[in-house]
Every structure is written in structure tokens, then in C-alpha cells.
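Notes follow the structure.
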Amino acid sequence: MRWFLLGVSTKLKPQSFRPLMSQVRVRFAPSPTGFFHIGSARTALFNWLYARHTGGVFILRIEDTDKERNSERFLQLIYDSLTWLGMDWDEGPKPDGKGERGDFGPYRQSQRGAIYEDYKQKLLAAGRAYEKDGAIWFKLLGERYRVFDDHRKKEVEKVKCEPVVIDDKIRGRVERMEDEDFVIFRSDGNPVFHFVNVVDDITMKVSHIIRGEDHLSNTSKHVRLYEGLGVTPPVFAHIPLILKSPEMGQGKMSKRDKGALIEEYQQRRFLPEALVNYLALLGWNPGDDREKMPIADIVRLFDLPGVNQSNAKFDPKKLAHLNMAYLLEQPAERFIALAKAYFATQPNAGAALADDGYFREVMALAQPKIKGLEELGGYTVYFFAEDFPVDEKVKAKVMTKGDPKARLGELIAALAGFDFSSDIAIEEGLKALAAKNGLGFGDYQAVARLAVSGTNVGPSITGMFRVLGRDRVQRRLEKFLVTLPG
RNA sequence: GUCCCCAUCGUCUAGCCCGGUUAGGACACCACCCUUUCACGGUGAGAACCGGGGUUCGAAUCCCCGUGGGGACGCCA
């Protein structure tokens, strides 16, 4: 508790000391026991936003006291996910896991045993903790009595005391009774969550605890612990939870739910800024009708009082929509880079081997059309392979209209005379052909598109022709023609 | 079972604090327009104040009670 004494001793110079004392220090404290959950990401985000908004410090602390379930793989996943989402931390383990930065470490609880031991001794010495059944319990102050607990089906000892009052930045005043001693060190000697959480927040000088509402009922324990340790608790802000969308069922999002893991969005090539933007909107809004916003604007506008009190249901469709909007506005260079990264992970991707200039042209056609990078492979197959799939449903539909076979023949015959130098030139060629035969552009467009791409979904026929080139178009048209009956 | 939190369109939400709005926006859905397919885009439609009591001239807004939803009740975090 040295900082506490320090605060008192520097009382003579409150002005100069104030900036340091009032600096916001928030932390995100995940445990590496599973995949990185979307709810965790949102909690991290709100902490990060608050730190950046206030010019404070964002701390990453690893709560790895559960030796059974910890894994290095999940630990690395935390670093990677935060980094991918663009949430940098000022103190904590370095993103590569090698070493730490910050003056209040270690930042992994597994390395803070001596500190917990120290604080345990303090409580023991003060008579606020005792041993029972090999474990160390925190002792509440007040008159004791025994009562049968229906839920746990056993008699328990309770303590008569005043309710804990929590002044929550988001919930307002919350009162909760904390009337049972609780374990702070297990009989195996390891400290439990409530204790390490509080000790770490004290020693790391955390000023604001921003966490999920599921912790609200733990907070009374934590407040008692702060009191027992003689420390004023930090500011609490309990944010609403993310619930399943109606299609997914009831309750809060769990790891098993589709779309619950950050890893999934990374694999599906979502843009991290779109995901972050969406997550920010779950339980917060800028106060006007804006939804799609650069992160700098979110940082500037974000504040704790603006956070909602009610839980929000996760909507994959809205996320997808935001993602599309972001994708649409990417500069060509970034889109190309994203596309290259995507194709590098695709099996049998002719795209990865394609000529760079050609690849760029194809991507220029695809960018304004696709809704997500994950569609890129399917959307562009026929640009990179001759054995592209043919959509039989589309084929059946196209073949019933007019006389597509005749149109195809006419087009093949006329193609040699086409000017392939630009979309407009190709369009003129097609229009001239249609006019000559007293028909419309669409009469040729539908069947040509089918023959060349195997589907009715895609870029403009002119752009498609131009990029594919006359020879390939010609070959595909002829190849398709011979498969037609009669 | 006990305790805590929450409650506006299907979903995210504005409005609530400081009572008077045709209760606004977005996603989704539907229609139409644009169009050379498919998208994007544009226009429009449908869609909500959980219920009941109070207070008030007047309640989405303030109060109470129900109900509903969520969370917590571990030697997990």
C-alpha cells in the first residue's frame, strides 16, 4: 500500500500530483482458457475506448490462475485477436508473448504469487482472514447465524451486516447483500479469482473497472475485499451482455454459438474495423444517427454515461452489412492486398498463381459487387479456371427464353469483328449485333454470361469479356454451344 | 429457491434524466425505380412504447405492482 502513503505524503503539492493520480487506468483481464469470445472482445473494446478517450492507460492482465484449463495456445490467441482488432495495450505482456512492458508487473497472475501471499498475510494479520478446511477464507464483520440454503441444499453460516452499496457508472446505485465468508485461497494453496482480481487492481492502480454485467453480483465481494484491505474501491462500470439473436435461441452468447468467436471472423476475412464498429454499437451509440464511423470518431465520442443498461442481441446480418460497407470503400490497393491474403489460404486457387495485372483487373470487377471477402473465391472462379461450375438452375432458366442457341451462334460468328479494347467498345459490338438481328442486348447477354461464367451472378458482361479476353470468350462460347442439345 | 440487473418496431437503437414528438434512424423483410445479369444505390410500405394501477390537464417519459428477459448464487474465471 505504498502508493497510498505516497498519496498522503505528497498532499502538499496536490496540483502537480493530480494529473498522475487522476489518470484513467483500465484493464482487460481475460483468462486463457478458451477461444476468444465476442463478449470478451466487446469488454476489451469498451476498456480500450475509454482509455483512449481519456488519454489513460490500457492494461492487459492475464488471469491464468486456473492451472487445469490454461493453455499457451489460448494465451497467444488473446494477443493475436486484440492485435487483429487494433486494440493496443500500454502495459502487459508484449504481443509476441516475450517479455512485458509497464511498471506494475508481472502482468500474468501465475507470476504474482508473492504479491498474493503478501496480501494474504495482511488480511490474516488484521484478523480479516482465517483458515478452515485447509483453505483461507475472507472474514466478514458482524453477528453470525446459521440457516438452511435451499439452493445449495445445506446449512450455511451467514453474517448480519449492512448491504454493500455500489455506485456504478452505468447502473447507478446498486445495493447487494454480502453475508457469507468466502474462500480467497483454495486448499491447494492457489488464490481464487475474487482475491487476485482485487489485489491486482489495487497494485496496478486500476481506476475504472469496466466489465460485463455478469460480474455485478461479484462486485459486493470485491468491495468488501477493498474495505478489508483499507483501500477505496475504483469506479465500477458494468456493461450489458451480448445475447444470442432470436434465431440462435435464448440467453447470452456462449462459445458454442455460431459467430461467437473472434477467430471465426478472422477466418471469414471480415474487416476488423467493421467488427469493431459493430461491437461498439452493441450497447453504445454516438447520440445521433451515425452508425458507420471511423475508429477515431468512436474514440472521441465514447464515454461511460453513454453506455446502455440493457443487454443487446447479436445480429449477424447487421455485422455483415457493415462489413460490406467497409469493403466497398477500401482503396483498390488495400482490397488487392486483402484479396491476395485471402487466396493464399484457398485450396486449388488458380488466383494465387495468376498474373498480377490480370489479378488486379479481376479484383476491380469484384470489389464493388461482393458482400464479403469470403465470397471472392466463388465470385471469381471462372476468371482463374476453365473447369468452373455451371449453375443448372440458371441454365434451365436461360435456355427457355427465346432462342439462346441461335444467339450464341450469331455471337460466335460476330466476335472476331469485336473491338475488345474497352467496355464501351464491347458494348457497342453487342448492341450492333443485336440491332442487326432486330433483337435486344439482353438476348445475347444472358446466354453469353452463362456460357462464359456458368452463372447469372457477376460483373457486367462487358467487363467480364474484356478481362477474360477474346480468345477465351470465343473458346468458352464454342465449348458451351456443343453441349447444347438439338 | 434467494439476490441483482434490465424492459421502445423481428434486431440494434434515438427520445426518458428535465412529462406535450405524425415516436426518429439503421439492419432485416416487402414493393417500386435505376439497370445489361447479380449486387450497390434511390424511393416507398409494413413494423414498437410488455401489462395494470397511480401522479398529472396531459405519461414512452415520474412512482408502485405484476409479467417477461438476463445474470449471479463454486475451494471456475
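Here is how names work: the chains are called A, B, and so on, in the same order as the sequence lines, proteins then strands, and each is numbered from 1. On a predicted model such as this, the values are computed, not experimentally measured, just so you know. No hydrogens, no waters, no symmetry mates; every other heavy atom, side chains included, goes into these values.
Side-chain contact between A/Pro30 and A/Leu60 is present, with at least one heavy-atom pair separated by less than 4.5 Å.
Between A/Tyr278 atom OH and B/rA26 atom C1' there is a gap of 12 Å when expressed in whole angstrom units. Atom CG in A/Asn456 sits about 19 Å away from atom P in B/rU35, given to the nearest Å. Taking atom CG on A/Asp289 and atom P on B/rA14, their separation rounds to 11 Å, with Å as the unit. Atom P of nucleotide B/rU36 and atom CZ of A/Arg449 are separated by 12 Å, given to the nearest angstrom. Atom pair A/Leu279:CG and B/rC12:P shows a separation of 14 Å (rounding to whole Å applied). Per the geometry, CD belonging to A/Glu247 stands 13 Å off P belonging to B/rA28, to the nearest Å. Between the NE2 atom of A/His321 and the C1' atom of B/rA26 there is a distance of 8 Å, rounded to whole Å. Atom CH2 of A/Trp284 and atom C1' of B/rA26 are 14 Å apart (whole Å).
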Distance-only criterion, 3.5 Å: show the donor-acceptor pairs between side-chain atoms of residues 159-166 of chain A and protein atoms not counting sequence neighbours.
none

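Across B/rG46 and B/rC38, the matching P atoms stand 27 Å from one another, rounded to whole Å.
Of the two residues contacting RNA chain B, namely A/Gly287 and A/Leu430, the nearest-nucleotide position lying further toward the 5' end is that of A/Gly287. Toward the 5' end of RNA chain B, the nearer of the two residues A/Lys371 and A/Thr455, judged by each one's closest nucleotide, is A/Thr455.
Residue contacts for A/Pro240: at a heavy-atom cut-off of 4.0 Å it reaches no nucleic acid atom on any strand shown. Among the heavy atoms of the strands lying under 4.0 Å from A/Ser460 is at least one base atom, whether or not backbone atoms are also near. Among the heavy atoms of the strands lying under 4.0 Å from A/Leu282 are primed sugar atoms or P, OP1, OP2 only; no base atom is included.
A salt bridge links A/Glu273 with A/Arg334: at least one charged nitrogen is closer than 4.0 Å to a carboxylate oxygen.
Between A/Phe236 and A/His238, the two ring planes are parallel [angle under 30°; tilted spans 30° to 60°]. Ring-plane geometry between A/Phe302 and A/Trp284 is classed as tilted, the angle between the planes lying from 30 to 60 degrees on a 0 to 90 degree scale. Under the 30°/60° scheme for interplanar angles, the aromatic rings of A/Phe58 and A/Phe28 are found to lie parallel.
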Subject >> Where protein sits on nucleotides 64-77 of chain B, one letter per nucleotide: B base, S sugar-phosphate only, - none, heavy atoms under 4.0 Å >> reply: -----SBSSBSBBB
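For the pair A/Arg449 (side chain) and A/Pro459 (backbone), a donor-acceptor distance under 3.5 Å is present.
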